[in-house]
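Values reported hereafter were calculated over all heavy atoms of this structure, with side chains retained and with hydrogens, waters and symmetry mates removed. Remember, it's 1-based here, ligands and their atoms both numbered in the order they're listed.
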Amino acid sequence: MTSSGQAVRGRFAPTPSGRLHLGNAMTALLAWLQIRSAGGEMVLRLEDLDRQRCRPELAKLLQGELRWLGLDWDEGPDVGGPHAPYEQSGRTARYERVLDELQRQGRLYPCYCSRADLQAAASAPHGLDAEGPAYPGTCRQLTAAERAERALRKTPSLRFAMDEEATYRFEDGIAGETAFAGASSGDFVVRRADGIVAYQLAVVADDIEMEITDVLRGWDLLDSTPRQLALYAALGATPPRFAHSPLVLGADGSRLSKRHGAVSLSELREQYDVRAERIVGFLAWLAGLHDRIEELKPVELLATFDLSAVRRQAVTLPDRWMELLSGGDTGTTF
Ligand code: GLU
């Protein structure tokens, strides 16, 4: 319970388009520790809206791997719950209702820009973040006649008009005091031209409906937060508390990928026979929660869990990370 008596609810929200790697596993571990240490409830939601990229076998694999690590959830695709379905692909009617509401408020407009138009805009001096360059607002001011004319040639995407005067401030549980100017985020897509509802809209609609109080996710989504805060405000909903966990980088300082070796949990588990407790202990050490590497189950970290101990900067895998993970060496400190 929070001080206001509200039940604490968190979620894992993986996109089943690839295998879980050490970075995703660290985020999942931290999200679970944050909620379980507060006696809260955990939800697993599969963010599988992009049917081209997502695969059911990956969804199954990642659920098995989260459980193998020792993480669990009270609601989800495999266990059901009051907010089912827990696959976003089964929730599109809900998103359409939210889009209708925003449409009624006049917050959405059709955008006819092509990929090439957006690329040309990218060279202009606007902010750049996870969504790409901030949209310069080209289609915001089109007249009805201009829209009708463009609609003959192209199916539009739908964009949410940000309040350019606003500043979005929040106290991030890990990053600390954070602020973004509405203008630097730019108007963002809520439904793609191919009809697929965009991440920002779906995640907010679901987090509201699933009564999520605490969102802990990867640092790469920190700059999505102002967009989501704008949606919460437009929908008259109270936003959750946010915390963004540090990215895990390869020893060369770049985002984890195949070229860094066996970084996926399935490879570590199957090809290298690494025990789940070893991975959990390694991740706890990497995140700053434990001062040495030892085998640990997630439940063993609950009593001492402290979100403020989590590192605020990206963490880099040490050169000898495979050696550290596969055993032997303990007592290592950064
Ligand atoms: N589905 C997103 C991902 O896998 C996470 C979304 C979120 O936590 O808000 O990166």
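- Tyr199 pairs in a side-chain contact (heavy atoms from CB on, under 4.5 Å) with only one of the listed residues (Asp50, Leu49, Leu221), which is Leu221.
- Looking at Arg9 and Glu211, no side-chain N of the basic residue comes within less than 4.0 Å of a carboxylate O on the acidic one, giving no salt bridge.
- Closer than 4.0 angstrom to ligand 1 sit non-hydrogen atoms from Arg11, Ala13, Pro14, Thr15, Glu47, Tyr199, Val203, Arg217, Leu221.
- Of the inter-residue distances, the one linking Leu289 atom CG with Leu33 atom CG reads 6.5 Å to the nearest 0.5 angstrom.
- Applying the salt bridge (charged side-chain N to carboxylate O under 4.0 Å, His left out) rule to Asp72 yields the partners Arg36; only residues at least two apart in sequence or on another chain are considered.
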Could you list the donor-acceptor pairs under 3.5 angstrom formed by side chains in residues 54-62, with sequence neighbours left out?
| residue | atom | partner | partner atom | Å |
| --- | --- | --- | --- | --- |
| Arg55 | NE | Glu57 | OE2 | 2.8 |

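- Hydrophobic clustering, defined by side-chain heavy atoms of Ile, Leu, Val, Met, Phe, Trp and Tyr closer than 4.5 Å, leaves Val189 isolated from every other such residue.
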